[in-house]
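Note that the coordinates shown come from a computational prediction; the quantities given were computed from them, not determined experimentally. Both counts, for ligands and for their atoms, begin at 1 and track the order of listing.
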Amino acid sequence: MSDKWQALKTYHATAEATRILDLFAADPARAQRFSARAGEMLFDYSKTTMDDRARALLIDLARVSGVAEKRAAMFGGEKINATEGRAVLHVALRAPEGASILVDGHDVMPEVRATRARMAGFANAVREGRFVGQGGRITDVVNIGIGGSDLGPAMATLALAPYHDGPRVHYVSNVDGAHIHDTLAGLNPETTLVIVASKTFTTVETMANADTARRWMATRVKTPASQFAAVSTAGEKTAAYGIDPERVFGFEDWVGGRYSMWGPIGLALMIAIGPAQFDAFLAGGRDMDERFVNEPLEQNMSVMLALVGIWHNQICGHATRAVLPYDQRLSRLPAFLQQLEMESNGKRVAIDGSDLTTHSGPVVWGEPGTNGQHAFYQLIHQGTRVVPCEFLIAREGHEPDLGHQHLLLVANCLAQSEALMRGRSLEEARAIMAQKGATGAELECQARHRVFPGNRPSTTLVYPKLTPFTLGQIIALYEHRVFVEGVILDLNSYDQWGVELGKELALALQPVLEGRQGTDGKDGSTAALVRYLRG
Ligand code: F6P
């Protein structure tokens with residue numbers, strides 16, 4: 001354990017028994033003092049065991065880890081992705097008008113703006129019926145991509161459903177043929193536009209689905225390539241695939257896949273909601289960037305979100321974190337964050353190649369409320385492991401005539417964080433059972449089943465309404481959280497070598513499964529599974 005962690009670990013050992021309710025009792029202003037604002041957005045982290053001393057030590061940790069310096073390096077276009085020798089500049093995709101950002105002495109902004117203008121031109125042509133398929137106006141857009149070329153835009157397209165006024169947009173990612181089969185089943189090839197979204201344009205799943213879509217298109221459309229567009233950093237590969245460069249939207253290798261929805265990878269989203277709403281989404285991200293860069297660490301929502309994460313995972317030892325949006329339209333947010341956080345901070349070595357001295361980022365999982373309440377909340381309330389919970393809730397829904405349901409949603413969200421913190425003691429449980437008429441050993445046993453330990457930490461992010469601007473703020477907030485946690489853990493958040501081995505082995509297994517190669521050299525289990533699956 002390196003020194004920078006020691007003070008926090010030591011303090012935590014002395015404060016381990018802290019009860020959150022006692023912290024509230026001792027400080028009537030705790031809710032205000034342990035929350036951060038970003039415009040109308042409120043991040044409440046008061047229902048955690050973090051106290052003033054812990055927070056001060058966490059902020060020291062951020063300082064000594066060089067968060068401010070590394071933040072400046074990222075925004076300044078330095079090659080902080082050391083293992084790939086790349087800058088990390090997704091923030092350039094939403095940078096303010098007039099900004100100039102240099103990479104290797106070259107201003108990247110003119111190209112960013114030009115590509116966005118081309119995207120908007122194409123999106124408008126599709127939306128207004130000036131770009132047509134063989135059968136006329138485009139009714140459906142199918143985005144084929146996976147990972148960062150799918151999760152972000154798919155999550156946002158669902159989140160912003162009230163703003164859809166373009167053609168229907170569908171997302172296909174899985175190499176399982178069922179996904180593309182079921183998606184294309186109801187569509188007319190003559191009025192469908194296919195977008196192949198792949199940073200590298202080599203991803204096996206995406207290329208297999210693109211080939212399937214092209215064959216499907218060819219059954220009815222004379223020149224299938226004319227109804228294809230591509231989003232990629234690999235211009236020569238999209239050309240080799242026969243896609244007209246006019247419908248190819250490029251980006252640079254300084255945009256990581258999981259950070260790429262702000263640029264051309266967001267094309268399908270832009271077609272769904274229109275360039276103006278897409279701009280509002282970018283403006284939300286930009287707003288959070290400015291706050292992240294300018295606000296002092298202790299008031300900085302992105303920094304505090306990260307420090308709560310470090311507190312729970314590395315200091316308190318809670319290995320997982322539940323993301324619980326009380327917003328049905330954010331139902332893909334947990335999946336998006338799984339990639340964003342786990343592909344970024346799921347590393348075992350520090351930037352210099354030495355072993356990490358702490359655990360890497362947490363396991364992130366979740367489902368929207370209230371559905372999760374009827375599924376896994378049992379474990380969250382009464383299981384033996386503590387799962388820090390991150391609630392998200394809008395002040396206002398998009399359905400004014402269903403305000404009473406929004407109220408129920410809010411009540412449930414607040415009730416869960418309250419129940420997690422408050423719990424129910426054995427005495428309270430005994431009183432409940434006594435009221436029901438239980439006595440003796442029966443009362444005691446039944447009461448024990450009804451105890452909630454409480455003191456389970458949670459945070460709540462409250463936003464006014466799920467608009468494009470708000471969504472932009474939320475996504476940028478989480479991106480910066482990953483950055484800050486990565487800096488504190490001293491790892492490279494922007495590579496993903498851990499996905500490579502499985503890809504290589506899958507390639508090598510193809511001839512084995514086809515029967516062109518034997519199972520020699522395979523372990524006993526893999527060989528037996530191959531034999532079974534070959535039938
Ligand atoms: O396998 C992981 C990954 O490389 C992700 O990082 C990326 O978002 C995804 O695959 C898709 O890659 P591409 O956009 O190059 O098809």
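Between E205 and ligand 1 there is no heavy-atom distance shorter than 4.0 Å. Note on ligand 1: Q339 sits in its first shell, one or more heavy atoms being nearer than 4.0 Å.
Checking T203 against T206 by side-chain atom types alone, no donor-acceptor pair falls below 3.5 Å. For D140 and H170, the side-chain atoms include at least one donor-acceptor pair closer than 3.5 Å. H181 and D176 form no side-chain donor-acceptor contact under 3.5 Å, judged by distance and modelled atom types alone. Between the side chains of N345 and S360, not a single donor N or O lies within less than 3.5 Å of an accepting N or O. A side-chain N or O of K4 and one of S65 form a donor-acceptor pair less than 3.5 Å apart.
Closest protein heavy atom to atom 11 (C) of ligand 1: I146 O, 3.2 Å. When hydrogens are left out, the protein atom nearest atom 15 (O) of ligand 1 is T200 OG1, 2.6 Å; that is the closest non-hydrogen contact. Here the heavy atom of the protein found nearest to atom 4 (O) of ligand 1 is K503 NZ, 3.7 Å.
The part of Q496 lying near ligand 1 is the side chain, judged by heavy-atom distances below 4.0 Å. Contact annotation for V499 and ligand 1: only side-chain heavy atoms (C-beta onward) come within less than 4.0 Å of the ligand.
Within the set E500, M207, E343, the minimum heavy-atom distance to atom 6 (O) of ligand 1 is found for E343.
Between F336 and Y478, the gap from one ring centroid to the other reaches at least 6.0 Å.
Considering backbone and side-chain N/O atoms, T203 comes within less than 3.5 Å of an N/O atom of ligand 1. For ligand 1, none of its N or O atoms has an N or O atom of G257 under 3.5 Å away.
A salt bridge is defined here as a Lys NZ or Arg NE, NH1 or NH2 lying under 4.0 Å from an Asp or Glu carboxylate O, and D165 with R127 meets this definition.
Residue S149 approaches ligand 1 through these ligand atoms, each under 4.0 Å from one of its heavy atoms: 13 (P), 14 (O). Counting the atoms of ligand 1 from 1 in the order shown, those under 4.0 Å from a heavy atom of G148 are 7 (C), 8 (O).
Under a cutoff of 6.0 Å and an axis angle of 45°, R71 and F483 do not form a cation-pi pair.
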